[in-house]
Amino acid sequence: MPTYTLTTPLYYVNDRAHLGSTYTTLACDAIARFQRLQGQSVCFITGCDEHGLKIQRTAEAAGLLPQAHCDVVSQGYRDLWRRWQISNDRFIRTTDPRHRQLVEAFFARVEASGDVVEGRQQGWYCVACEEFKDPTASDPEPSCAIHLRPLEWRDEVNLFFRLSRYQQAIESLISRPGFVAPASRRREVENFVAGGLKDFSISRQNLPWGIPVPGHPGHTFYVWFDALLGYLSALLDPSDPIDLDLLASRGWPARVHVIGKDILRFHAVFWPAMLLSAGMEVPGSVFGHGFLTREGQKMGKSLGNVLDPEQLLDRCGTDAVRWYLLRDIPFGEDGDFQQQRFTDLVNNDLANTIGNLLNRTSSMARKWFAGCVPPSPDGLSMEHPLAQAAERAREVAIASLEVFDFRRGAEAILQLAIEANGHLNDRAPWKLVKQEENRDAVAADLYAVLETCRLVAVLLTPLLPDLATRMLAQLGLEPIPCGASGAAAVPPPWSEPLLWGGLQGGSPLPEPVPVMQKLELESPL
RNA sequence: GGCUCGGUAGCUCAGCUGGUUAGAGCGUGGGAUUCAUAACCCCAAGGUCGGGAGUUCAAGUCUCCCCCGAGCCA
């Protein structure tokens with residue numbers, strides 16, 4: 001069975017993680033967990049991109065050696081992802097010595113294909129972008145439009161990758177349905193490619209903090225060339241030799257690179273061409289998601305309105321943020337983080353609709369059935385309206401998660417909980433229970449709702465692993481494993497736990513404790 | 001300045017190839033209920049679809065121009 005490989009971008013260690021990288025990573029985590037539950041062997045890759053002049057200068061400014069700086073920042077990412085319960089299987093750093101060997105091997109192939117040529121490049125250079133710019137000639141002091149910083153004049157001979165040779169190949173690649181996703185992003189790439197692909201430089205001179213280009217003294221690899229290759233380095237087992245041919249059996253090609261829409265071009269155009277040049281397979285698709293604003297405004301240091309993921313986690317917890325981002329923002333579109341809406345949705349959906357459903361049902365069952373799950377009715381019926389509702393929710397949730405439509409998936413699961421609440425109100429077991437002859441009916445009702453709660457928890461597992469675990473514990477059940485699988489073990493698929501009737505009648509129910517606290521944010525985030 | 005994408009109820013969004021009184025959730029107001037985390041359930045009020053012009057028997061849904069937001073490029 002082919003491995004389902006997916007990646008986040010390798011985050012640049014110039015700064016700490018921000019909400020955007022957290023968003024990407026959370027989404028990937030949901031995909032990875034979902035695919036594991038579907039029985040796939042998954043390799044979920046994230047990591048850090050650590051080379052380049054900008055890093056070197058940032059480190060110098062902090063009085064650190066570049067490597068020391070990278071160690072600190074990349075460890076910060078690792079720690080943060082662990083706290084967010086990110087289930088990445090690999091964490092690659094581009095300063096890993098093995099990565100350097102892989103870059104060398106890859107470059108050798110590209111060079112052997114005749115795709116590396118020398119070219120002179122002179123012009124104004126933005127260190128922050130690590131790119132040559134084309135400022136208006138009249139400007140006496142050219143500056144970068146993005147970073148608003150002065151440009152530096154460079155005149156150097158660099159190595160170029162002959163991207164122009166891949167015009168045809170890239171055109172046919174991006175015309176492949178689904179390669180650029182969502183579809184609304186495709187035209188942008190098409191136009192860029194249609195404009196004619198130009199060779200791009202893959203090396204810099206006088207850049208100590210980078211990987212030296214073999215056979216070309218004085219040259220180091222351009223950060224993007226080196227960073228993209230991290231996706232390959234990450235796939236090799238630590239005990240593997242550095243052998244590009246091995247990658248096909250280690251999970252290459254990736255099924256999807258999940259990225260922010262700003263770096264679509266690198267992933268959908270440059271990267272596939274590099275791979276083709278090296279005689280390797282191209283990724284299955286490149287998904288460019290949208291950007292987050294905050295209360296309608298762009299987040300940025302200048303506005304002082306950045307949301308720090310660390311703080312968000314401390315104050316609100318992983319479930320709340322995961323739910324809000326995945327449930328409310330259509331993945332692929334831009335989204336706006338609004339505190340009021342965030343708390344409204346979390347409190348309503350998670351605490352009131354889902355949490356309270358479990359709480360009220362468990363408490364009735366315990367009260368009237370000796371602290372246990374009521375006996376399941378004899379002919380455990382798939383005709384039961386909640387069994388049917390669960391079936392629908394399962395189908396929609398799975399179909400949605402398969403195509404990264406977290407929003408639709410989350411809504412389907414929520415809908416199931418709403419139907420269970422409605423069922424309780426219709427049946428009113430608290431009235432029925434007053435007549436002894438209704439005992440079986442009450443048992444059947446409560447069993448069905450508890451079973452629905454179980455299924456809500458199971459379906460929630462890829463999105464909110466933590467809440468799902470607490471819910472299952474409340475039902476006296478073990479969590480459904482879907483974390484990083486390590487070397488070999490693929491967890492059992494969730495098809496079994498998703499069957500109606502999994503809850504054992506007569507099994508003890510722990511004392512109910514609210515599984516989801518309401519958010520009560522005194523002050524703005 | 002060029003290229004993409006978006007601008008639908010207070011808020012987040014659905015509205016396929018143009019066709020009955022434009023939908024959902026949240027928020028708001030009212031009702032019902034007591035098993036439960038003042039929770040759950042039911043009902044209601046709210047939009048003429050960014051602005052303008054046009055095509056059409058008919059436009060939120062097509063064309064053009066303008067305005068606003070996000071990203072890329074310059």
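First the proteins, then the strands, lettered A, B, ... as listed; each starts at 1.
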Whether A:Phe337 and A:Phe342 hold their rings parallel, tilted or perpendicular, with breakpoints at 30° and 60°: tilted
Side-chain N or O of A:Asn191 closer than 4.0 Å to phosphate OP1/OP2 of B:U4: yes
Whole-Å distance separating the CH2 atom of A:Trp323 from the P atom of B:U12: 19 Å
Proximal nucleotide (of B:C5, B:U4, B:A70) relative to the A:Ser184 side chain: B:C5
Nearest-angstrom distance, C1' atom, B:G27 to B:C72: 36 Å
Residue met sooner reading RNA chain B from 5', once A:Val515 and A:Asn352 are mapped to nucleotides: A:Val515
Of the listed nucleotides B:U12, B:A70, B:C72, the one nearest the side chain of A:Phe291: B:A70
Pair A:Glu391 + A:Arg394: basic N to acidic O under 4.0 Å: yes
A:Phe266 and A:Phe270 aromatic ring geometry - parallel, tilted or perpendicular at 30°/60° bounds: perpendicular
Contact residues, residues 335-346 of chain A to RNA chain B [heavy atom, < 4.0 Å]: A:Gln338, A:Arg341, A:Asp344
Protein-nucleotide distance (A:Trp430, atom CH2; B:A39, atom P), rounded to Å: 16 Å
Residue A:Asn348, side-chain heavy atoms: nucleotide from B:G71, B:C26, B:C41 that is nearest: B:C26
Ring-face cation contact, A:Phe221 with A:Arg204, 6.0 Å cut, 45° max: no
A:Asp426 CG - B:C41 C1' separation (whole Å): 8 Å
Sugar-phosphate, base or nothing in reach of A:Arg265, heavy atoms under 4.0 Å: sugar-phosphate
Heavy-atom side-chain proximity of A:Ile259 to A:Thr7 below 4.5 angstrom: no
Touch class at under 4.0 angstrom, heavy-atom based, for A:Leu264 against every strand present: nothing
Touch class at under 4.0 angstrom, heavy-atom based, for A:Pro429 against every strand present: nothing
Span that lies between the C1' atom of B:C13 and that of B:U20, in whole angstrom: 24 Å
Of the listed nucleotides B:G71, B:U33, B:C35, the one nearest the side chain of A:Met364: B:C35
Aromatic plane relationship, A:Phe331 with A:His289 - under 30° parallel, 30 to 60° tilted, over 60° perpendicular: tilted
Sugar-phosphate, base or nothing in reach of A:Pro512, heavy atoms under 4.0 Å: nothing
Contact under 4.0 Å: A:Asn425 side-chain N or O vs B:C40 OP1/OP2: no
Nearest-Å distance for atom pair CG/P, residues A:Leu358 and B:C40: 15 Å
Residues A:Thr343, A:Tyr324; criterion side-chain hydrogen bond (donor to acceptor under 3.5 Å, both in side chains); working and verdict: CA-CA 9 Å; A:Thr343 53; A:Tyr324 176 60; over 6 Å; no
Lys/Arg-Asp/Glu bridge criterion (N-O < 4.0 Å) met for A:Arg341, A:Asp336: no
Consecutive-pair stems (at least three Watson-Crick or G-U pairs, under 3.5 Å) that include RNA chain B: B:1-7 with B:67-73, B:10-13 with B:23-26, B:28-31 with B:41-44, B:50-54 with B:62-66
Separation of the C1' atoms in B:U48 and B:G15, to the nearest angstrom: 15 Å
Earlier contact from the 5' end, RNA chain B, for A:Ile263 and A:Asp328: A:Asp328
Side-chain touch A:Val193/A:Gln167, heavy atoms, less than 4.5 angstrom: yes
Span that lies between the C1' atom of B:U33 and that of B:G18, in whole angstrom: 47 Å
Aromatic ring proximity, centroids under 6.0 angstrom, A:Tyr11 and A:His18: no
Beyond-backbone contact of A:Val433 with A:Arg439, side-chain heavy atoms, under 4.5 angstrom: no
Rounded distance in Å between the C1' positions of B:U37 and B:G30: 24 Å
Closest listed nucleotide, where the reference is the side chain of A:Met516 and the choices are B:U37, B:C13, B:C35: B:U37
Rounded P spacing from B:G50 to B:G10 in Å: 13 Å
Closest listed nucleotide, where the reference is the side chain of A:Trp368 and the choices are B:G25, B:C35, B:A70: B:C35
Side-chain N,O (A:Arg187) to OP1/OP2 (B:C5) below 4.0 Å: yes
Gap between atoms CG and C1', on A:Leu450 and B:C35 respectively (whole Å): 12 Å
C1' spacing across the pair B:C26 / B:U21, given as an integer number of angstrom: 25 Å
Selected nucleotide, minimal atom distance to A:Asp262 side chain, candidates B:U33, B:C72, B:C40: B:C72
Separation of B:C26 P from A:Ile418 CD1 (nearest whole Å): 7 Å
Syn-anti status, with the boundary at 90° from 0, for the nucleotide B:G15: anti
Nearest-angstrom distance from the residue atom OH of A:Tyr324 to P of B:C13: 9 Å
Atom-pair distance (CD on A:Gln474; C1' on B:U37), nearest Å: 12 Å
Sugar-phosphate, base or nothing in reach of A:Asn356, heavy atoms under 4.0 Å: base
Touch class at under 4.0 angstrom, heavy-atom based, for A:Val189 against every strand present: nothing
Residue-phosphate contact under 4.0 Å: A:Lys431 side-chain N/O, B:U33 OP1/OP2: no
A:Arg322/A:Asp466 under salt bridge (Lys or Arg N to Asp or Glu O under 4.0 Å): CA gap, chis, key distance, verdict: CA-CA 10 Å; A:Arg322 287 175 81 115; A:Asp466 212 40; over 6 Å; no
Rounded distance in Å between the P positions of B:U61 and B:A53: 14 Å
Minimum-distance nucleotide to A:Lys518 side chain [options: B:C5, B:U37, B:G71]: B:U37
Pair A:Glu451 + A:Arg454, salt bridge at N-O below 4.0 Å: yes
